[in-house]
Amino acid sequence: EAEKNALRSGTIDYGYIEATDLDQKDSFTAQGYEVKPWSGWAITYMPYNFNNRAMGAVFKQLYARQAVQRSIDQKSLAEVVFNGTAVAGYGPVPQGQASDFVSRAQKDNPYPFSTTAARELLTGHGWTERGGVMTCTDPGTGADRCGAGVAEGTKFEMRVLSQSGSTVTDNMMSAIQSSLAKTGIKFTIKTAPVNSVLAQTPQCEADQPLCKWQLSFFGTAGSWYFPAFPTGDSLFQSSGGSNFGNYSNPAVDKLISASTTSSSTKAVQDYSAALAEDLPVIWLPEPVYQISVVRKGLGGFAQDSLANFHPAQWKWTG
């Protein structure tokens, strides 16, 4: 807020604002600034903890992840919560900028928003709504049952530890909470500073006390920024260094390895398609890195999509 007040008073040359501040754009331009959204080469997501003792077995059911994803109205989030400064993201490759890496499956959104379809996925797999929350009433591994490890009476209740300090993020979490409730999924939100979120949601084994977390969100400005090549070996390969939720799929491991050794973009597209469909995380809209507010006449820089920042190159041009 102090930084935004400095922009409003015209006492600094460069700063940034949130998407919720865009309705005040005229107050910044009146001070001699230009307002420039800075698009990043990144993806945004909310990881599941597949090793969580309470909900891990539910998260491991693809139909359950599909129901969650179909309850996320990315188009409305991008247009309303982010004031049109975000783009929907349906997979592991950035979609805010055109590239040859995104598969057709990811572009076409395999799980379009529909809480009706999401409810049908759950009721068709042994869940019944009780007291407003879907509850497993038909446990077992049959096609119409809740799935391996999901006990009778399990309630579809998830909690997220979300990054604090952002009105946009708070609004997005509230919107997601409302749409999940229509599906019959209870979504509880707790907030903390980003460093605390990362510290409290590590890779873990089910029997470890620190494995109590279920969902994590640290992507107010994007969850993961890639170098030029959007590889997934750290994020989604089994035992990857930044695979926070312990997602593991041997078939995907092979696709990731192929994408890092092949010279063909098809290998990356195959990986893109697989994870758009298998949902290792909850895919969310990709916001701009930031909305820059720049004094007119300040030049010598570009808004690098890799989020590199080089103030030493700045200069006054007029």
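Just so it is clear, the values below take in all heavy atoms, side chains as well, and ignore hydrogens, waters and symmetry mates.
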Do [X] and [Y] share a hydrophobic cluster, counting only Ile, Leu, Val, Met, Phe, Trp and Tyr and linking them when any side-chain heavy atoms are less than 4.5 Å apart?
| X | Y | result |
| --- | --- | --- |
| Ile189 | Val68 | yes |
| Ile282 | Trp224 | yes |
| Val93 | Leu306 | yes |
| Leu77 | Tyr90 | no |
| Val288 | Tyr16 | no |

Checking side-chain contact (heavy atoms from CB on, under 4.5 Å) for the pair Ile291/Thr85: CA distance, chi angles, key distance, verdict?
CA-CA 9 Å; Ile291 302 171; Thr85 63; 4.1 Å; yes
Can you tell if the side chain of [X] reaches within under 4.5 Å of the side chain of [Y], non-hydrogen atoms only?
| X | Y | answer |
| --- | --- | --- |
| Leu235 | Tyr247 | no |
| Asn195 | Pro193 | no |
| Phe226 | Ile43 | yes |
| Phe156 | Val58 | yes |
| Phe28 | Glu34 | no |
| Ile176 | Leu284 | yes |
| Gln163 | Thr191 | no |
| Pro287 | Thr220 | no |

Distance from [X] atom [atom1] to [Y] atom [atom2], nearest 0.5 Å?
| X | Y | atom1 | atom2 | value |
| --- | --- | --- | --- | --- |
| Cys211 | Asn52 | SG | CG | 6.5 Å |
| Gln74 | Glu79 | CD | CD | 12.0 Å |
| Ile72 | Met172 | CD1 | CE | 9.0 Å |
| Phe113 | Lys75 | CZ | NZ | 12.0 Å |
| Arg159 | Lys212 | CZ | NZ | 8.5 Å |
| Ser272 | Asp100 | OG | CG | 12.0 Å |

Under a 4.0 Å N-O cut-off, is there an ion pair linking Arg53 with Asp207?
no
Check for a donor-acceptor pair, side chain of [X] on one end and backbone N or O of [Y] on the other, with a separation under 3.5 Å.
| X | Y | result |
| --- | --- | --- |
| Ser164 | Ala192 | yes |
| Gln203 | Ser242 | no |
| Arg145 | His125 | no |
| Asn246 | Cys204 | yes |
| Ser257 | Asp253 | yes |
| Thr169 | Ser166 | no |
| Gln61 | Ala148 | yes |
| Ser76 | Asp73 | no |
| Asp278 | Pro280 | no |
| Ser223 | Thr44 | no |

Answer yes or no on whether Arg70 is positioned over the face of Tyr111, meaning its NZ or CZ is under 6.0 Å from the six-membered ring centre and within 45° of the axis.
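So Arg70 doesn't make the cation-pi contact.
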Quick one: closest heavy-atom pair of [X] and [Y], and the distance?
| X | Y | value |
| --- | --- | --- |
| Leu255 | Ala274 | CD1-CB, 3.5 Å |
| Ser71 | Thr183 | OG-OG1, 2.6 Å |
| Asp13 | Leu298 | O-CD2, 4.0 Å |
| Gln31 | Leu7 | CG-O, 4.0 Å |
| Pro92 | Phe236 | CB-CE1, 4.1 Å |
| Val150 | Trp127 | CG1-CZ2, 4.0 Å |

With side-chain contact (heavy atoms from CB on, under 4.5 Å) as the criterion, how do Met134 and Thr128 come out once you've worked through the C-alpha distance, each side chain's angles and the decisive distance to 0.1 Å?
CA-CA 5 Å; Met134 288 291 183; Thr128 304; 5.9 Å; no
Apply side-chain contact (heavy atoms from CB on, under 4.5 Å) to Thr20 and Asn171, showing your working.
CA-CA 10 Å; Thr20 50; Asn171 291 346; 4.0 Å; yes
Taking the six-membered ring for Trp, is the centroid-to-centroid distance between Phe244 and Phe218 below 6.0 Å?
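Here the rings of Phe218 and Phe244 have centres that are less than 6.0 Å from each other.
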Given the side-chain rings of Tyr225 and Tyr289, with only the six-membered ring counted for Trp, is the space between their centroids under 6.0 Å?
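Distance test on ring centres: under 6.0 Å, yes.
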Stepwise, does the salt bridge (charged side-chain N to carboxylate O under 4.0 Å, His left out) test hold for Arg119 with Glu129?
CA-CA 9 Å; Arg119 290 179 65 87; Glu129 186 171 344; 2.5 Å; yes
Do [X] and [Y] have side-chain N/O donor and acceptor atoms under 3.5 Å apart?
| X | Y | result |
| --- | --- | --- |
| Ser292 | Gln303 | yes |
| Thr231 | Asp233 | yes |
| Gln24 | Arg8 | yes |
| Glu286 | Gln95 | no |
| Ser39 | Ser305 | no |
| Ser216 | Thr201 | yes |

Evaluate the criterion side-chain contact (heavy atoms from CB on, under 4.5 Å) for residue pair Leu161 and Leu215; output intermediate values, then yes/no.
CA-CA 6 Å; Leu161 181 60; Leu215 292 165; over 6 Å; no
Give a yes or no on whether Lys25 atom NZ has more than 12 heavy-atom contacts from other residues, nucleotides or ligands under 6.0 Å away.
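At most 12 heavy atoms, drawn from other residues, nucleotides or ligands, come within 6.0 Å of this atom.
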Aromatic plane relationship, [Y] with [X] - under 30° parallel, 30 to 60° tilted, over 60° perpendicular:
| X | Y | result |
| --- | --- | --- |
| Phe101 | Trp41 | tilted |
| Tyr48 | Phe50 | tilted |
| Tyr14 | Trp314 | tilted |

